[in-house]
Structure formats: structure tokens, C-alpha cells
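To start, the structure itself, in C-alpha cells.
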Amino acid sequence: MRTFAKRNLAPSQIRRLLEPGPIVLVSSAWQGATNIMTMGWHTVMEFEPSLVGCIIAEGNHSHHMIKLSGECVINVPTYDLAKTVVGIGNCSGAEVDKFKAFKLTASAAQRVKAPLIKECYANLECKLVDAALVASYNFFIFEVVKARAATAPKVPRTMHYRGNGAFMLSGREVSMRAMFRPENL
Ligand SMILES: Cc1cc2nc3c(=O)[nH]c(=O)nc-3n(C[C@H](O)[C@H](O)[C@H](O)COP(=O)(O)O)c2cc1C
């Protein structure tokens with residue numbers, strides 16, 4: 001089997017290897033205003049209840065809107081929204097109405113007050129269920145209480161952030177299903 005010649009890597013750069021993706025757009029609402037931020041640092045924590053943990057830095061306007069409202073929607077965009085994804089992640093909702101500026105359609109969610117982004121492939125309505133690590137790590141733990149996803153295409157062309165302005169795009173799907181134990185599927 002193949003081995004690799006390697007070089008030293010600064011621990012601060014390992015994010016470029018582990019960064020998961022897909023990049024998501026997090027929408028929120030608070031006191032009549034809506035907002036959107038781009039987010040790459042998220043992780044699935046449990047299937048049932050469906051828990052997702054993520055980092056929302058304190059300097060972001062979204063941090064305060066989500067902490068105060070206790071809700072958000074995690075929207076999964078596809079590659080055709082690449083410029084929008086980068087644009088939204090490089091301006092602040094404190095100054096810009098991002099739905100308007102980026103010509104995105106807000107639609108009502110079913111279980112939260114935060115709006116869905118209609119142009120995204122999937123919309124995950126989330127309630128903040130544990131804020132214990134917000135003060136120390138900006139780590140929010142959400143429960144996905146309602147989810148909807150497009151029926152086609154079956155495998156969306158999602159964007160995965162590798163740091164330094166570079167993204168990988170999702171590609172061919174391969175099935176290893178035959179080798180899995182049912183509980184790991
Ligand atoms: C590709 C990309 C990924 C990002 N990932 C995160 C992230 O995981 N967590 C975070 O706090 N900010 C992240 N950001 C930065 C926020 O999206 C950015 O600060 C944004 O302007 C915040 O908007 P707001 O102030 O309206 O909330 C990312 C930005 C980009 C462009």
C-alpha cells in the first residue's frame with residue numbers, strides 16, 4: 001500500500017486537513033431583524049436527538065442574535081451560491097441587511113422564528129439546547145427540530161472550506177455499504 005513523504009505542519013494549520021464542511025449559511029432573527037453568516041466549523045454530535053455543535057465567534061453579529069433568540073436555521077448551499085457564501089462571510093449584519101444585499105429569499109420556518117433561505121439545498125431548523133460552552137469556546141449546541149432537503153439532485157455539489165480562501169467541492173459518491181455494520185450506517 002502507498003505511503004507518503006511528509007513535512008512538518010504547524011498545529012495552527014491542521015484545520016486545513018480536518019475542516020469538515022459542507023459550508024453552511026446560518027440564518028437568524030432577533031427583534032425584527034434577520035441575519036445570515038457563513039460557517040464551516042460545525043460537527044454532528046448525536047443522531048437522536050439530532051445534535052449539532054458549532055463555533056460562532058463572539059465578534060459576529062450572529063453570535064448575539066442566536067444567543068438571545070436561542071434559535072437559528074442551518075442552510076446548506078450548493079456551489080452555484082459560491083460568491084454569495086463568501087460575500088456573506090465577509091460583511092456584518094450589524095451594517096448590512098444580507099437577505100436584501102445578496103438577493104436571497106427568506107421564508108418562514110415551521111419550528112423557529114429564524115427564516116429559511118429558499119435558495120439553499122437544505123434547511124435545518126435549530127434550537128439552542130446547551131450554551132454551557134459559549135462563554136469559554138463560542139461553542140453552541142443545537143438540536144435540529146425540523147429539517148427539509150431538496151429531492152434533486154440526489155448528491156448536492158456542496159462546498160467544503162480548506163482555509164486560506166480555498167474550497168473543495170463534493171464529487172463522486174462511492175458506496176461502501178456492504179462492509180458496514182447496521183449500527184454504523
Ligand atoms: C468560508 C467561511 C467560513 C467561515 N466559518 C466561520 C465559522 O465556522 N465560525 C465563525 O464564527 N465564523 C465563520 N466565518 C466568518 C463569518 O461568516 C463572518 O465573520 C461573518 O461576517 C459574520 O457575519 P455577522 O457579523 O453578520 O454574524 C466564516 C467565513 C467564511 C468566508
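Both ligands and their constituent atoms are indexed starting at 1 by order of listing.
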Subject >> Top protein contact for atom 2 (C) of ligand 1, by heavy-atom distance >> reply: Thr38 CG2, 3.6 Å
**OP:** Please check if atom CZ in Phe139 has more than 12 non-hydrogen atoms from other residues, nucleotides or ligands closer than 6.0 Å.
**Re:** yes
Original post:
Does atom NZ of Lys113 have more than 12 heavy-atom neighbours from other groups under 6.0 Å away?
Top reply: no
Subject >> Donor-acceptor contact below 3.5 Å, side chain Lys98 vs main chain Ile88 >> reply: yes
**OP:** Identify, by atom number and element, the atoms of ligand 1 in contact range of Asn35, meaning under 4.0 Å from any of its heavy atoms.
**Re:** 24 (P), 26 (O), 27 (O)
Subject >> Nearest-contact summary for atom 18 (C) of ligand 1 - protein heavy atom, Å >> reply: Gly89 O, 3.2 Å
Original post:
Near Met37, which atoms of ligand 1 are under 4.0 Å from a heavy atom of that residue?
Top reply: 9 (N), 10 (C), 11 (O), 12 (N), 13 (C), 22 (C), 23 (O), 27 (O)
**OP:** Under 4.0 Å, heavy atoms only, figure out whether ligand 1 is touched by the backbone of Ile88, its side chain, both or neither.
**Re:** backbone
**OP:** Give the numbers and elements of all ligand 1 atoms closer than 4.0 Å to a heavy atom of Ile23.
**Re:** 1 (C), 3 (C)
**OP:** Name the closest protein heavy atom to atom 21 (O) of ligand 1, giving the residue it belongs to and the distance to 0.1 Å.
**Re:** Cys91 O, 2.6 Å
Original post:
Judging by distance only, is a nitrogen or oxygen of Ala57 under 3.5 angstrom from one on ligand 1?
Top reply: yes
Subject >> atom 26 (O) of ligand 1: nearest protein contact (heavy atom, Å) >> reply: Gly93 N, 2.6 Å
Original post:
Taking all atoms of both residues into account, what is the closest heavy-atom pair of Phe142 and Cys54, and its distance?
Top reply: CE1-SG, 3.4 Å
**OP:** Considering the heavy atoms of Ile56, write down every atom of ligand 1 situated less than 4.0 Å from one of them.
**Re:** 11 (O)
Original post:
Between Trp41 and ligand 1, which part of the residue brings a heavy atom under 4.0 Å of the ligand: side chain, backbone, both or neither?
Top reply: both
Subject >> Validation row: Trp41, Arg15 side chains within 4.5 angstrom (heavy atoms) >> reply: yes
Subject >> Numbering as shown, the atoms of ligand 1 that approach Ile55 to under 4.0 Å (heavy-atom distance) >> reply: 7 (C), 8 (O), 9 (N), 10 (C), 11 (O)
Original post:
Counting only N and O atoms by type, is there a donor-acceptor contact under 3.5 Å from the side chain of Thr34 to the main-chain atoms of Ser27?
Top reply: no
Subject >> Closest protein heavy atom to atom 19 (O) of ligand 1, given as residue, atom name and distance to 0.1 Å >> reply: Asn60 OD1, 2.7 Å
Original post:
Where does the angle between the aromatic ring planes of Phe140 and His63 fall among parallel (under 30°), tilted (30 to 60°) and perpendicular (over 60°)?
Top reply: perpendicular
Original post:
Has Lys98 got any heavy atom lying under 4.0 angstrom from an atom of ligand 1?
Top reply: yes
Original post:
Hey, is CG on Asn184 packed in by over 12 heavy atoms from elsewhere, all under 6.0 Å?
Top reply: yes
Original post:
So is Val86 polar-close to ligand 1, meaning N/O to N/O under 3.5 Å?
Top reply: no
Subject >> Greater than 12 external heavy atoms within 6.0 Å of Glu183's CD >> reply: yes
Original post:
Does Asn138 reach the side chain of Ile56, with side-chain heavy atoms less than 4.5 Å apart?
Top reply: no
**OP:** For atom 25 (O) of ligand 1, state which one of His61, His160, Glu95 supplies the nearest heavy atom.
**Re:** His61
Original post:
When you measure from atom 5 (N) of ligand 1 to every protein heavy atom, which one gives the shortest distance, and what is it?
Top reply: Gly40 N, 3.1 Å
Subject >> Which atom of Val155 lies closest to which atom of Gly171, heavy atoms considered >> reply: CG1-O, 4.3 Å
Original post:
Looking at Ala101 and Val96, what are the two nearest heavy atoms and their distance?
Top reply: CB-CG1, 3.6 Å
**OP:** Could you list the atoms of ligand 1 found under 4.0 angstrom from a heavy atom of Ser62?
**Re:** 24 (P), 27 (O)
Original post:
Relative to the heavy atoms of Ser92, which atoms of ligand 1 are at a distance of less than 4.0 Å?
Top reply: 25 (O), 26 (O)
